[in-house]
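Worksheet for the structure shown next.
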Amino acid sequence: MEPQYHPRAIEPAVQKEWADSRAFVAPDASPKPKYFCVSMLPYPSGKLHMGHVRNYTINDALYHFMRMKGWNVLMPMGWDAFGLPAENAAMANGVPPAKWTWDNIAYMKTQCQAMGWAIDWTREVATCSPSYYRWNQWFFLRLWEKGLIYKKTGVVNWDPVDMTVLANEQVIDGRGWRTGAVVEKRQIPMWYMRITQYADELLDSLDGLGWPEQVKQMQRNWIGRSEGVEFTLPYAAQTAKRMADGKAGLKVFTTRADTIMGITFAAVAPEHPLATEAAKGNAALADFIEECKKGGVQEADIATMEKRGMPTGLKVLHPFSGEPIEVWVGNYVLMGYGEGAVMAVPGHDERDFAFAKKYGLPITQVIEVDGQEYSLDEWEPWYEAPGRNVNSGAYDGLAQIESIDAVAAALEKAGLGTKRVQYRLRDWGISRQRYWGTPIPIVKCAQCGDVGVPDAQLPVVLPEDLVPDGTGSPLAKSPAFYETKCPTCGGPARRETDTMDTFVDSSWYFMRYTCPDATAMVDERAQYWMPLDMYIGGIEHAILHLLYARFWTKAMRDMGLVKADEPFANLLTQGMVLNHIYSRRTAKGRIEYFAPDEVQVAHDAEGKVTSATLKSDGSEIEYEGIGTMSKSKRNGVDPQEMIERYGADTARFYVMQANPPTDTMLWSDQSVDGSFRFLRGLWVTVHEHVQTGVVPRYASAELSSELRELRFKLHKTIDKVADDYGRRLQFNTAIAAIRELLNLLDKLRDRGLVARAVAQEVLEDAILMLSPIVPHIATVLWAELRPGTRLIEQPWPTVDPRALVQDSIQLVVQVNGKLRGHLNVPASASREQIEAFALADDAVQKFVNGQKPKKVVVVPGRLVNVVV
RNA sequence: GCCGGGAUGGCGGAAUUGGUAGACGCACGGGACUCAAAAUCCCGCGGUGGCAACACCAUGGGGGUUCGAUUCCCCCUCCCGGCACCA
């Protein structure tokens, strides 16, 4: 055995052994129970970043642990290979997105292999390959046949200079990222998936999922089921003449029907037909509506902008009183939301209150809450609280629930409205006016309308040689792609040139892992593996991706393709990886950034950072704080450099010991050194042990108290580490516990035969416990400790109950809840005996100071608290 | 703006069900070894007072419940994630 630890020598050798023995290829049937653990697939941006290292190492540790526990484990890998960055890279370098993407995949795959992750590469999936996306297209057509896909207009960001649709990310402060032009809202036809049809099930089945509670809560709030009343505000006579739309009035939805007698105006979205009609012959209103089109479509921008409005001059009637009500156009009313029109009750809605104040509209109190004084001057939060009706005619005195029922009944009787469930969730718009995505399999024929591409002609292949230029999709400029014949009538027709949202790709890729070569979308192998037993990925995906994948799975189930109701039985959301940022302002006023390894940080005697200087020339620079790793701030850490300098095991160990996987993680180069030192020390410890001769592990013999203590620690640790890995998913505390165990072993000076047998036991089990985190070094050290056996075939160590027996235990002694000392008592001591021991204790006597104890609290096995 | 989460030594963090606040590590300080350095090993390391024993204070800020609160409740501040075309 080499006396020194050389990761660069051992890691490739161990990886080769795994590959040659197909160690991580999972069978599709097994007497063992199955465990399917998946990490969210990476976007192939060029090279792995630390977020990936963290994500896949967590998954890998679980893989090894569950395997040792006797499960048939599958950990696959794929590539989320469609999307905007490939188009941006293409524009920057003139390389087609396909080549850029495939090159990145090839490189990143070698990095994954160098990390030693236990990936079953026979199941690799790339979403940009036609053999994958043909099933996006096939399933699109099935959904369309079932009416779960439909076409309607939607609002997008429009760059008026480049004449192109922009992604929200490409809108910066309301302007196009390339042109700087003020972005406009524009309505275009798009394809939608009816996720709202599944809203109730998506909501209800959250309860049974083994997900973090906050993620389930986010999804519940996102779906936002609310019960309310939909009703019509009838047009006033003049308005009815103007509108002539065949409708009786303006349809609105409210969850606060109990406030209906407080309506003092109504508001419609700028794109609402009523607004359009009112703008005819009203130049000021037309200008206002035009003005409302400025800016992007992002919810956060719309919610924070100044609320503005303008009267339309049109009127509707109150459904009960028949009083005329003015209709306004409001920039905060969203057309894509409900009916695009709202009733306004400024007395009991904060937004309406502010709007009424601003434009001098009347405000009426119609709800009272006991003992509260209503004032028109200032908004109070209780105005929105449930209470009893006042100034509401027939409804006066009713509490909220009775009032809503009575109002709904009256509306129903009048033929004006009904109770209805409303969701905040909107249907999923999947059309993207972009090139690098799955082509939507529709042909547009002048005679036959929209016609689905016949299954036999799938996939509609995306040409891979185009280069976008930022002025709209190259597909729409490529006759070779869009010119086709109508599948129905054979006449000339044009293909749909929009592609699908990349969330479509990521909604079912995990099922394709189970059967990557299937001649259908999925086959029976999916029934064996689904659902995922663990899904691991960033918290930033808590809503959209996870919700879409849940919907998609349910739609596949209803099509008879899978049996699973839910794709992800358990979920682990990991935090982001951050690093320090260093910068300075150049003479020209530009900010330049420095990588942390170019910087020398000085500390004072207490360890506080006092200054940061450049290693190269010693000049002083600024410490900006911490932020996500990014190219522009130069604070990324390249896993490749880590592997070359320290080895993959150190990188893996570092990210796992730093903190719990769900927390954001701050990178620290010094701590990386510490991780390497630990592995080097472990190597030396095993080497020294092996030098004196490998012995059989401890089985039975009389033990000194020191050895009994060591074995107690070992078997406690086995229990704790298994709990941390398998249940708590908290690897940092598992590693700390193993370090405590090895620290204790380190103190052992006994070199006798029995001591060496116990040391053998401790080392073997410590290596087994560490192996999910650092499998390379563990493989080599195991082979030294147990020649002729393979680590990869070992089960998880078993706990010896004899080692956990203790004669005496230490209790904490408190007086009035404050720690005053410790007490050693026999493990069998009764509550009364413990009380007596505690009262006799010197420290207790001192603080009790002769007073009579009021009571004594005994927590078995933990503490005794004397209250005076 | 709305929804969700977070804040503990110089730093990362621990305290699992309300029961010893600071495990384990990093950094830092002192010492040993060395011609010297690196590596390694030993000791110290929240704050204040004290020779010490020890005492008091301390988990973002303010209040509350409890024998006992980092943990539960209310209010506030700041930070992070998401908000439907980034992935």
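Given the structure is predicted, the values throughout are model-derived calculations rather than measurements. A, B, ... follow the sequence lines: proteins, then strands. Residue 1 opens every chain.
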Of A:Arg739 and A:Arg820, whose closest RNA chain B nucleotide lies nearer the 5' terminus?
A:Arg739
Using atom NE2 of A:His541 as one end and atom P of B:C83 as the other, report the distance to the nearest whole Å.
10 Å
For A:Gln422 and A:Thr255: C-alpha separation, side-chain torsions, deciding distance, then whether side-chain contact (heavy atoms from CB on, under 4.5 Å) applies.
CA-CA 9 Å; A:Gln422 168 83 13; A:Thr255 56; 6.0 Å; no
May I have the distance from A:Glu540 (atom CD) to B:C80 (atom C1'), rounded to whole angstrom?
12 Å
Tell me the interatomic distance from A:Ile223, atom CD1, to B:G4, atom C1', rounded to whole angstroms.
15 Å
Find the distance A:Ile773:CD1 to B:C24:P and express it as a whole number of Å.
19 Å
The single option from A:Phe676, A:Phe678, A:Tyr654 that satisfies ring pair (Phe, Tyr, Trp, His ring centres under 6.0 Å) with A:Tyr646 is A:Phe676
Is it true that A:Trp211 and A:Gln219 share a donor-acceptor pair across their side chains at a distance under 3.5 Å?
no
Distance test, side-chain N/O of A:Asn168 to OP1/OP2 of B:A84, below 4.0 Å:
yes
Taking syn as any angle within 90 degrees of 0 and anti as the rest, which one fits B:G4?
anti
Under 3.5 Å side-chain donor-acceptor pair for A:Asp159 and A:Trp177:
no
Within this structure, what is the CH2-to-P distance between A:Trp222 and B:C2, rounded to whole angstrom?
16 Å
For A:Val856, report the nucleic acid contact type (base, sugar-phosphate, nothing); a contact means any heavy atom under 4.0 Å.
nothing
Euclidean distance, atom CD of residue A:Gln219 to atom P of B:C3 [Å, nearest integer]:
17 Å
Over 12 non-hydrogen atoms of neighbours within 6.0 angstrom of CZ in A:Arg424:
yes
Using 30° and 60° as the class boundaries, would you call the ring planes of A:Tyr535 and A:His545 parallel, tilted or perpendicular?
tilted
Sorted by first residue and then second, give each salt bridge (Lys or Arg N to Asp or Glu O under 4.0 Å) pair with at least one member in residues 538-550 of chain A; sequence neighbours left out.
A:Arg550-A:Glu566
Base, sugar-phosphate alone, or nothing: which one does A:Met190 contact when heavy atoms must sit under 4.0 Å apart?
base
Answer yes if the ring centres of A:Tyr509 and A:Trp79 are under 6.0 angstrom apart, and no otherwise.
no
Within the structure, does a side-chain N or O atom of A:Lys818 lie under 4.0 Å from either OP1 or OP2 of B:C57?
yes
Under 3.5 Å, which protein N or O atoms sit close to an N or O of nucleotides 72-74 of chain B? Give each pair with its distance.
none

Distances under 3.5 Å between protein N/O atoms and the N/O atoms of nucleotides 39-45 of chain B, please, pair by pair.
from: B:A39; atom 1: O3'; to: A:Arg680; atom 2: NH2; distance (Å): 3.2
from: B:U40; atom 1: OP1; to: A:Arg680; atom 2: NH2; distance (Å): 2.8

Side chain of A:Thr304: nearest nucleotide among B:C67, B:G13, B:G1?
B:G1
Atom-to-atom span, CE of A:Met218 to P of B:G6 - whole angstrom
10 Å
A:Glu169 or A:Ala737, whichever maps to the more 5' nucleotide of RNA chain B:
A:Ala737
Verify the contact: side-chain N or O of A:Arg728 to OP1 or OP2 of B:U17, cut-off strictly under 4.0 Å; return yes or no.
no
What is the distance, rounded to the nearest whole Å, between atom CD1 of A:Ile539 and atom C1' of B:C3?
12 Å
For A:Thr57 and A:Phe731, what are the C-alpha separation, side-chain angles and deciding distance, and is it a side-chain contact (heavy atoms from CB on, under 4.5 Å)?
CA-CA 11 Å; A:Thr57 303; A:Phe731 305 92; over 6 Å; no
Contact under 4.0 Å: A:Gln730 side-chain N or O vs B:A14 OP1/OP2:
yes
Would you call A:Glu213 and A:Arg220 a salt bridge, taking side-chain N to carboxylate O under 4.0 Å as the test?
yes
Stem list, RNA chain B (Watson-Crick or G-U pairing under 3.5 Å, at least 3 consecutive pairs):
B:1-7 with B:77-83, B:10-12 with B:24-26, B:28-32 with B:40-44, B:46-49 with B:54-57, B:60-64 with B:72-76
In terms of side-chain heavy atoms, does A:Tyr150 have a donor or acceptor partner in A:Asp427 at a distance below 3.5 Å?
yes
Can you find a side chain N or O atom of A:Asn732 that sits less than 4.0 Å from OP1 or OP2 on B:G13?
no
Regarding A:Gln657 and A:Asn732, is there a side-chain donor-to-acceptor distance under 3.5 Å anywhere?
no
State plainly whether the residues A:Glu306 and A:Lys358 are in salt-bridge range, i.e. N to O under 4.0 Å.
yes
Could you pull out all residues at least two apart from A:Asp80 that satisfy salt bridge (charged side-chain N to carboxylate O under 4.0 Å, His left out)?
none
So which protein nitrogen or oxygen atoms get under 3.5 Å of nucleotides 19-21 of chain B's nitrogens or oxygens?
from: B:G19; atom 1: N2; to: A:Gln814; atom 2: OE1; distance (Å): 3.2
from: B:G19; atom 1: N2; to: A:Asn865; atom 2: ND2; distance (Å): 3.3
from: B:U20; atom 1: O2; to: A:His822; atom 2: NE2; distance (Å): 3.1

Any side-chain donor-acceptor pair under 3.5 Å between A:Tyr198 and A:Trp552?
no
N or O in side chain of A:Thr502 less than 4.0 angstrom from B:A87 OP1/OP2
yes
Report which part of the nucleic acid A:Arg351 touches: base, sugar-phosphate, or nothing (heavy-atom distance under 4.0 Å, all strands).
nothing
